[in-house]
**Q** 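Below: one structure in structure tokens.
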Amino acid sequence: MRKTAAKLLTAAALATSLVTIASGSALADPTVTPAAQDIVGVGSDTIQALLNQFSTDYNASLGSGSTAPHLYSWDATGSSPITTKVGATSIARPNGSGAGIKALVANTSATVDFARSSRGPQPTDAHGLDFVTLAKDAVTWSAKSGGDAPAQLTPAQLNAIYSCTTTNWQQIDPSLPNATIKPFLPQADSGTRAFFLTAISNPTLGQCVTTGPEENEGTDQALNNPDVVFPYSVAHYIGQTAGGHGTTTDAPGNLTLRNVVVNGATLTPVTSNQINTDFANSQFGRVVYNVVRDAEWNATDTHGQALQNIFGSNGWICNDPTAAADIASYGFLATPACGVATLT
């Protein structure tokens with residue numbers, strides 16, 4: 001059986017540490033119930049670790065005893081329901097970009113102030129939302145190290161795999177093992193799922209596709225199979241491995257990132273522990289966002305100013321050196337469009 005492990009990106013190859021986060025370990029769920037005036041978010045799994053680190057570092061920048069609104073972010077998974085801040089109505093924990101955006105729409109700033117999103121605006125999104133640019137990411141496909149999958153596939157081949165018109169590796173290359181391909185997707189509200197399917201031209205999903213694993217968690221036993229194909233955030237993978245931010249569950253496990261052949265050119269997702277710029281500039285590159293209500297984003301009150309102070313183009317995330325170090329350490333690429341809002 002032909003193996004391709006020598007050609008693949010592995011966690012060991014990404015072992016060199018990125019910039020060290022010196023200002024304290026990132027929070028997961030808030031360790032205290034945020035105050036009513038605090039800026040609180042929910043949603044995407046892909047950028048939750050980065051927002052948790054932002055929460056630690058931004059709040060530290062305010063200084064001890066500051067009464068200014070602090071920043072907090074609730075993880076995509078965990079116990080549910082959650083009471084997001086003092087006086088808030090308890091809500092089911094939103095898992096994924098879509099669920100976070102729905103929670104933002106369904107509630108007020110008394111409960112949720114922003115939604116983390118790893119996808120851009122969609123026609124089905126409610127009007128009156130601002131998708132505020134955070135950073136650049138990319139999404140590729142992953143497969144088990146030492147398994148049956150090749151080192152690279154084209155977008156058309158990935159489309160055929162997820163539409164279930166290609167179901168055996170030998171349909172791609174007769175020299176590959178005679179084995180049934182097992183395509184998986186994250187849960188339905190995942191922004192990574194939505195983006196990846198768009199990047200491979202929106203296949204009509206076939207019955208061979210399994211939905212369910214949490215995005216960017218290769219530790220899920222369902223994915224421990226030599227024939228699995230699973231989309232993966234390149235930045236999140238770098239953060240888990242080179243950045244040293246993986247946990248027992250939030251880690252690639254046996255999955256490795258694979259290449260994509262676009263217009264005849266083989267694009268590698270990672271070079272020198274960073275997202276390959278050629279890959280980021282292809283159809284597999286994406287922007288990640290924090291989503292806010294437009295009326296609040298443009299308000300001149302304390303709440304509106306707090307949103308701008310954190311997420312705006314002149315705010316902390318887009319300008320502070322600690323925030324820049326956080327973005328790099330968690331695998332994302334900085335963008336000059338940071339803080340720019342796209343209105344739905």
**Q** With the side chain counted from C-beta on, respond yes when C338 and I317 share a heavy-atom pair under 4.5 Å apart, and no when they do not.
**A**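 Yes - at least one pair of side-chain heavy atoms lies under 4.5 Å apart.
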**Q** Spell out, yes or no, whether L307 and L343 are grouped together once hydrophobic residues are joined by side-chain heavy atoms under 4.5 Å, including indirect joins.
**A**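 Different clusters: L307 never reaches L343 through Ile, Leu, Val, Met, Phe, Trp or Tyr contacts under 4.5 Å.
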**Q** Does some side-chain heavy atom of D125 sit less than 4.5 Å from a side-chain heavy atom of F131?
**A**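 With C-beta onward as the side chain, the pair touches.
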**Q** Is the backbone of A110 close enough, under 3.5 Å, to the side chain of T108 for a donor and an acceptor to pair up by distance?
**A**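 Present.
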**Q** Take E215 and T192 through the test side chain to side chain donor-acceptor pair (under 3.5 Å) and record every step on the way to the result.
**A** CA-CA 7 Å; E215 60 189 276; T192 294; 2.8 Å; yes
**Q** Are F196 and W141 close enough that their ring centers fall under 6.0 Å?
**A**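 Centroid distance F196-W141: not below 6.0 Å, so no.
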**Q** Please report the C-alpha distance between S90 and T83 in whole Å, then the side-chain angles of each, then the deciding distance to 0.1 Å, and finally whether the side chain to side chain donor-acceptor pair (under 3.5 Å) criterion is met.
**A** CA-CA 4 Å; S90 294; T83 302; 2.7 Å; yes
**Q** What heavy-atom pair brings V42 and A103 nearest, and what distance separates the two atoms?
**A**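 Heavy atoms only, the tightest pair is CG2-CB, 4.3 Å.
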**Q** Heavy atoms, side chains only, cut-off 4.5 Å: are D294 and L129 in contact?
**A**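 Not touching, per the 4.5 Å side-chain cut-off.
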**Q** Identify whether F114 and V86 are in the same connected component of the hydrophobic contact network (ILVMFWY, side-chain heavy atoms under 4.5 Å).
**A**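 Different hydrophobic clusters.
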**Q** Hey, mind stepping through D57 and Q53 against side chain to side chain donor-acceptor pair (under 3.5 Å) and telling me if it holds?
**A** CA-CA 6 Å; D57 295 339; Q53 189 67 58; 3.2 Å; yes
**Q** Can you list everything that forms a side-chain hydrogen bond (donor to acceptor under 3.5 Å, both in side chains) with T167? Sequence neighbours excluded, please.
**A**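 T167 satisfies side-chain hydrogen bond (donor to acceptor under 3.5 Å, both in side chains) with Q171 only.
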**Q** Out of the candidates D29, D75, T77, T84, only one should pair with R93 under the side-chain hydrogen bond (donor to acceptor under 3.5 Å, both in side chains) rule; please name it.
**A**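 Among D29, D75, T77, T84, the one that satisfies the side-chain hydrogen bond (donor to acceptor under 3.5 Å, both in side chains) with R93 is D29.
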**Q** With distance as the sole test, does S329 use its side chain to make a donor-acceptor pair with the main-chain N or O of D326 at under 3.5 Å?
**A**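 Between the backbone of D326 and the side chain of S329 there is no qualifying donor-acceptor contact (under 3.5 Å).
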**Q** Quick check against the 3.5 Å criterion: does N281 have a side-chain atom that pairs as donor or acceptor with the backbone of T277?
**A**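 Yes; judged by distance alone, with no hydrogens or angles, the pair exists.
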**Q** Does this structure show an ion pair linking R119 with D137, if we count only N-O contacts that are shorter than 4.0 Å?
**A**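 Result for this pair is no, no salt bridge flagged.
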**Q** Using a 3.5 Å distance criterion without hydrogens, assess whether the side chain of Q305 forms a donor-acceptor pair with backbone atoms of T302.
**A**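 Side chain of Q305 to backbone of T302: no pair is present.
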**Q** Say you draw a straight line from CD of Q170 to CG of N178; how long is it, rounded to the nearest 0.5 Å?
**A**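 Taking CD in Q170 and CG in N178, the distance rounds to 4.5 Å.
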**Q** From F54 CZ over to L71 CG, what is the distance, rounded to the nearest 0.5 angstrom?
**A**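 One gets 9.0 Å once the value is rounded to the nearest 0.5 Å.
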**Q** Check whether R193 reaches the backbone of P186 with its side chain - one donor and one acceptor, N or O, closer than 3.5 Å.
**A**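 Such a contact is found between R193 side chain and P186 backbone.
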**Q** Please check: side-chain N/O of S97 versus main-chain N/O of S190, any donor-acceptor pairing under 3.5 Å?
**A**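 Checking the backbone N and O of S190 against the side chain of S97, no donor-acceptor pair under 3.5 Å is found.
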**Q** Sub-3.5 Å donor-acceptor pair from the side chain of N276 to the main-chain atoms of T271, do we have one?
**A**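 Not at all, since once roles are kept as given, no pair shorter than 3.5 Å links the two residues.
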**Q** Over all heavy atoms of both residues, which pair between Q207 and C164 is shortest? Give the atoms and the distance, please.
**A**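 Residues Q207 and C164, closest heavy atoms: N-SG, 3.8 Å.
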**Q** Please confirm whether the backbone N or O of L104 pairs with a side-chain atom of N107, one donor and one acceptor, at under 3.5 Å?
**A**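 No, the answer is negative, given that no donor and acceptor are paired below the 3.5 Å cut-off.
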**Q** Please report the interatomic distance CG(N159) to OG1(T165), rounded to the nearest 0.5 Å.
**A**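 So the CG of N159 and the OG1 of T165 are separated by 7.0 Å.
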**Q** Checking F332 against K136 for the side-chain contact (heavy atoms from CB on, under 4.5 Å) test, could you report, in this order, the C-alpha distance in whole Å, the side-chain angles of both residues, the deciding distance, and whether it holds?
**A** CA-CA 6 Å; F332 296 91; K136 287 293 294 292; over 6 Å; no
**Q** Within a strict 4.5 Å, meaning less than it, do heavy atoms of the P150 and D173 side chains meet?
**A**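 With C-beta onward as the side chain, the pair stays apart.
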**Q** With V228 as reference, evaluate D220, I181, L223, T210 under the side chain to side chain contact (heavy atoms under 4.5 Å, CB included) test and give the passing residue.
**A**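 That would be L223.
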**Q** Walk me through whether H245 and Y330 qualify under ring-ring contact (aromatic ring centres under 6.0 Å, His included).
**A** CA-CA 7 Å; H245 303 299; Y330 283 84; 3.7 Å; yes
**Q** Please check if W316 and V340 belong to a single hydrophobic cluster, counting links between Ile, Leu, Val, Met, Phe, Trp and Tyr side chain heavy atoms closer than 4.5 Å.
**A**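 W316 does not cluster with V340.
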**Q** With salt bridge (Lys or Arg N to Asp or Glu O under 4.0 Å) as the criterion, how do R293 and D113 come out once you've worked through the C-alpha distance, each side chain's angles and the decisive distance to 0.1 Å?
**A** CA-CA 8 Å; R293 303 176 190 90; D113 301 283; 5.2 Å; no
**Q** State plainly whether the residues D45 and R116 are in salt-bridge range, i.e. N to O under 4.0 Å.
**A**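 Looking at R116 together with D45, the answer is no, because their closest N to O distance does not fall below 4.0 Å.
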**Q** Less than 4.0 Å between a side-chain N and a carboxylate O, is that true for D227 and K144?
**A**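 Salt bridge absent between K144 and D227.
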**Q** Nearest 0.5 Å please: distance from the CG atom of N225 over to the CZ atom of F184.
**A**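 Taking CG in N225 and CZ in F184, the distance rounds to 7.0 Å.
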**Q** If only atom types and distance count, is the side chain of Q283 paired as donor or acceptor with the main-chain N or O of A199 below 3.5 Å?
**A**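 Yes; at least one donor-acceptor contact below 3.5 Å.
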**Q** What are the two closest non-hydrogen atoms of P177 and W169, and how far apart are they?
**A**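 So the two residues come closest at O-CB, 3.4 Å.
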**Q** Checking the side chain of N319 only, and the main-chain atoms of S313 only, is there a donor and an acceptor separated by less than 3.5 Å?
**A**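 Yes, because the side chain of N319 sits within donor-acceptor range (under 3.5 Å) of the backbone of S313.
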**Q** Kindly check if the number of other-residue, nucleotide or ligand heavy atoms within 6.0 Å of CG (D301) is above 12?
**A**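 Atom CG in D301 is crowded, with more than 12 foreign heavy atoms closer than 6.0 Å.
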**Q** Could you walk me through whether S109 and H303 pass the side-chain contact (heavy atoms from CB on, under 4.5 Å) test, one step at a time?
**A** CA-CA 9 Å; S109 59; H303 183 260; 3.7 Å; yes
**Q** How close do A135 and L333 get, heavy atom to heavy atom, and via which atoms?
**A**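 The pair with the smallest heavy-atom distance is CB-O, 3.4 Å.
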**Q** Give a yes-or-no answer on whether the side chains of D250 and Q240 include a donor-acceptor pair shorter than 3.5 Å.
**A**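 Their side chains do contain a donor-acceptor pair, which is all the 3.5 Å distance test asks for.
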**Q** Using the side chain to side chain contact (heavy atoms under 4.5 Å, CB included) rule, pick out the option among L62, I39, V32, V40 that qualifies with H70.
**A**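 Looking at L62, I39, V32, V40, the match for H70 under the side chain to side chain contact (heavy atoms under 4.5 Å, CB included) is L62.
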**Q** With a 4.5 Å limit on heavy-atom distance, are the side chains of P231 and L185 in contact?
**A**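 In short, these two side chains touch, coming nearer than 4.5 Å.
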**Q** Working to the nearest 0.5 angstrom, can you tell me the gap between F284 CZ and N259 CG?
**A**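 Interatomic distance, F284 CZ to N259 CG, rounded to 0.5 Å: 11.5 Å.
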**Q** Side chains of I82 and W74: closer than 4.5 Å at any heavy-atom pair?
**A**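 SC-SC contact between I82 and W74 confirmed.
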**Q** What are the two closest non-hydrogen atoms of A126 and V105, and how far apart are they?
**A**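 Result for this residue pair: CB-CG2, 3.8 Å.
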**Q** Could you grab the distance from atom SG of C318 to atom CG of L134, nearest 0.5 Å is fine?
**A**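 The distance works out to 7.5 Å.
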**Q** Are the side chains of V260 and T154 in touch, meaning some heavy atoms are under 4.5 Å apart?
**A**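 Result no, sub-4.5 Å side-chain heavy-atom pair not found.
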**Q** Could you go step by step and tell me if N95 and E214 meet the side chain to side chain donor-acceptor pair (under 3.5 Å) rule?
**A** CA-CA 9 Å; N95 182 5; E214 187 67 15; 3.0 Å; yes
**Q** Taking the side chain as everything from C-beta on, heavy atoms only, tell me whether T344 gets closer than 4.5 Å to P121.
**A**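 Answer yes - side chains close enough.
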**Q** Do V262 and I275 share a hydrophobic cluster (ILVMFWY, side-chain heavy atoms under 4.5 Å, transitive)?
**A**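 Cluster IDs for V262 and I275 match.
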**Q** Is there a path of hydrophobic side-chain contacts, each under 4.5 Å between heavy atoms of I, L, V, M, F, W or Y residues, that connects V139 with V261?
**A**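 Result: no, two separate clusters.
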**Q** Taking the six-membered ring for Trp, is the centroid-to-centroid distance between Y232 and Y237 below 6.0 Å?
**A**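 Aromatic pair counts; centres sit under 6.0 Å.
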**Q** Where do L51 and S73 come nearest, in terms of heavy atoms and distance?
**A**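 Heavy-atom minimum between the residues: CB-OG, 3.7 Å.
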